[in-house]
Amino acid sequence: MTDDKPRTEDTFEKRRLAQETKNERQVWYFLAYFLFGIHFIAFIMIYAVRHAK
């Protein structure tokens with residue numbers, strides 16, 4: 001009985017750490033896509049301004 005509690009806490013800690021890692025990875029992906037999108041739009045706008053008549 002006393003051995004169950006540390007294992008349960010250890011499992012919970014591993015699950016929490018895995019979820020935290022997953023969330024952090026999702027934040028980095030969101031940031032990467034956001035910055036890529038901003039630059040992509042900026043380059044299109046620069047091209048449009050330079051090629052306007």
Side-chain angles (χ1 to χ4, degrees):
M1 282 190 148
T2 57
D3 290 342
D4 289 343
K5 189 168 184 163
R7 289 180 183 169
T8 304
E9 289 176 0
D10 190 40
T11 305
F12 175 74
E13 183 66 22
K14 285 182 181 179
R15 260 189 290 149
R16 188 192 63 75
L17 189 59
Q19 184 64 35
E20 187 176 321
T21 303
K22 181 182 174 187
N23 291 344
E24 187 175 344
R25 189 177 304 127
Q26 287 178 341
V27 168
W28 282 111
Y29 285 152
F30 175 79
L31 182 64
Y33 282 124
F34 176 76
L35 291 175
F36 176 77
I38 291 291
H39 285 84
F40 186 71
I41 291 169
F43 286 130
I44 291 173
M45 292 175 74
I46 290 169
Y47 179 83
V49 169
R50 289 194 174 203
H51 291 81
K53 288 187 177 183

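Below, all heavy atoms of this structure are taken into account, side chains as well, without hydrogens, waters or symmetry copies.
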Would Ile41 and Leu35 show up in the same hydrophobic cluster when neighbours are defined by side-chain heavy atoms closer than 4.5 Å?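 As far as the 4.5 Å side-chain criterion goes, Leu35 and Ile41 are not connected within one cluster.
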
Check the angle between the aromatic planes of Tyr33 and Tyr29 and answer parallel, tilted or perpendicular using the 30° and 60° thresholds.
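Aromatic pair Tyr33/Tyr29 classed tilted.
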
query = Would you call the rings of Phe30 and Phe34 parallel, tilted or perpendicular, where under 30° means parallel and over 60° means perpendicular?
reply =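 Phe30 vs Phe34 ring planes: parallel.
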
### Task
Measure the shortest side-chain to side-chain distance between Asn23 and Gln26 over non-hydrogen atoms and say whether it is less than 4.5 angstrom.
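SC-SC contact between Asn23 and Gln26 confirmed.
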
request  = Measure the CD-CZ distance between Gln19 and Arg16 for me, rounded to the nearest 0.5 Å.
outcome  =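 Atom-to-atom, Gln19:CD and Arg16:CZ are 10.5 Å apart.
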
Task: Value rounded to 0.5 Å, distance of CD in Glu9 from CZ in Phe12 - done: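 Nearest 0.5 Å value for the CD-CZ distance: 9.5 Å.
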
